[in-house]
Amino acid sequence: MFRLTAGRLGSLVTRRATAALTTNTAKMATASHGHEVSGTVDMSQPQYFDRLDTPLPDKPYKDVLTAADKSLKQKEKGPWGQLTKEEKLALYRLAFRQTYSEMKQPSAEWKTVMGGIFLFLGFTGLVVWWQRVYVYPQRPRTFEEEWQAKQLQRMLDMRVNPIEGFSAKWDYEKGQWK
């Protein structure tokens with residue numbers, strides 16, 4: 001019996017090793033052809049994020065500057081009164097991708113969320129309807145008004161709990177509730 005277990009363990013280890021080698025080979029072949037599945041990001045380096053709670057990102061929006069951008073940066077070191085409004089906006093766009101008003105602008109994402117919610121509710125309604133029609137049995141006859149009236153009359157005829165309960169509230173002489 002021990003040999004059988006050892007044989008199974010050996011085949012399991014062999015299969016896993018083979019699978020690992022073929023997976024690594026496939027990854028190496030993919031990487032050698034320049035097709036990365038996902039790029040890695042070094043989070044220890046400064047990153048740029050447009051966020052309302054972080055007004056100054058770690059680095060400017062544009063890292064690589066063109067010749068026009070470099071001359072504008074040189075002009076920035078001088079008096080700001082000589083800069084035109086367009087140049088000031090261009091300098092702002094070098095450092096930031098969006099303004100606060102652009103970041104605060106509402107998106108249409110709520111429509112997608114509400115659509116998903118209504119789709120889910122509609123599907124759930126269809127499932128409940130299907131179950132009511134095809135899965136659940138018919139309502140028992142004890143829920144019918146006629147049956148309940150007969151049961152009430154039967155309990156009154158039997159004088160169920162006549163001292164403090166049900167029959168104590170029925171006037172047998174007048175045939176009505178007290």
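Side chains included, hydrogens not; waters and symmetry mates left out as well; all remaining heavy atoms used.
How far CG of L156 is from NZ of K169: 11.5 Å, rounded to the nearest 0.5 Å. The CG atom of D157 sits 13.0 Å away from atom NZ of K150, with the distance rounded to the nearest 0.5 Å. Note: T142 OG1 to W147 CH2 = 7.5 Å, rounded to the nearest 0.5 Å. With rounding to the nearest 0.5 angstrom, the CG atom of L94 is 6.0 Å from the CG atom of L72. The structure places CH2 of W170 at 6.5 Å from CD of Q153, a figure rounded to the nearest 0.5 Å.
Side-chain atoms of L56 and F96, non-hydrogen and from C-beta on, do get closer than 4.5 Å to each other. With contacts defined as side-chain heavy-atom distances shorter than 4.5 Å, the pair L126/W130 does not qualify. In this structure, R93 and Y61 have side chains that are not in contact, with every pair of non-hydrogen atoms separated by 4.5 Å or more. No side-chain heavy atom of Q151 sits under 4.5 Å from any side-chain heavy atom of Q148. Side-chain contact between Y92 and T99 is present, with at least one heavy-atom pair separated by less than 4.5 Å. Using a 4.5 Å cut-off on side-chain heavy atoms (C-beta onward), E102 and D50 make no contact. Using a 4.5 Å cut-off on side-chain heavy atoms (C-beta onward), D58 and F49 make no contact.
The number of heavy atoms from other shown groups lying within 6.0 Å of CD (Q105) does not exceed 12. No more than 12 heavy-atom neighbours from other residues, nucleotides or ligands sit within 6.0 angstrom of NZ on K174. Q176 CD: more than 12 foreign heavy atoms inside a 6.0 Å radius.
Listed here is the closest heavy atom pair of K59 and P46: CD-O, 3.5 Å. Listed here is the closest heavy atom pair of P55 and P57: O-CD, 3.5 Å. The heavy-atom pair separating P162 from A168 by the smallest distance is O-CB, 3.2 Å.
Clustering ILVMFWY residues whenever any of their side-chain heavy atoms sit less than 4.5 angstrom apart, transitively, puts V128 in a cluster other than the one holding V135. Under the 4.5 Å side-chain heavy-atom criterion for Ile, Leu, Val, Met, Phe, Trp and Tyr, M103 and Y48 are members of distinct hydrophobic clusters. F118 and W110 fall within the same hydrophobic cluster, defined by Ile, Leu, Val, Met, Phe, Trp and Tyr side-chain heavy atoms under 4.5 Å apart, directly or through other members. When the side chains of ILVMFWY residues are joined at heavy-atom separations under 4.5 Å, either directly or via intervening members, I117 and F123 end up in two distinct hydrophobic clusters. One hydrophobic cluster holds both Y172 and W177 under the rule that ILVMFWY side chains link at heavy-atom gaps under 4.5 Å.
No donor-acceptor pair under 3.5 Å is formed between the side chain of Q98 and the backbone N or O of R51. Listed for the S167 side chain is no donor-acceptor partner under 3.5 Å among the backbone atoms of N161.
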Donor-acceptor pairs under 3.5 angstrom involving side-chain atoms of residues 76-86: please list them, not counting sequence neighbours.
residue: E76; atom: OE1; partner: K73; partner atom: NZ; Å: 3.4
residue: W80; atom: NE1; partner: E76; partner atom: O; Å: 3.3
residue: T84; atom: OG1; partner: E87; partner atom: N; Å: 3.2

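Not counting sequence neighbours, W129 has no partner by the ring pair (Phe, Tyr, Trp, His ring centres under 6.0 Å) test.
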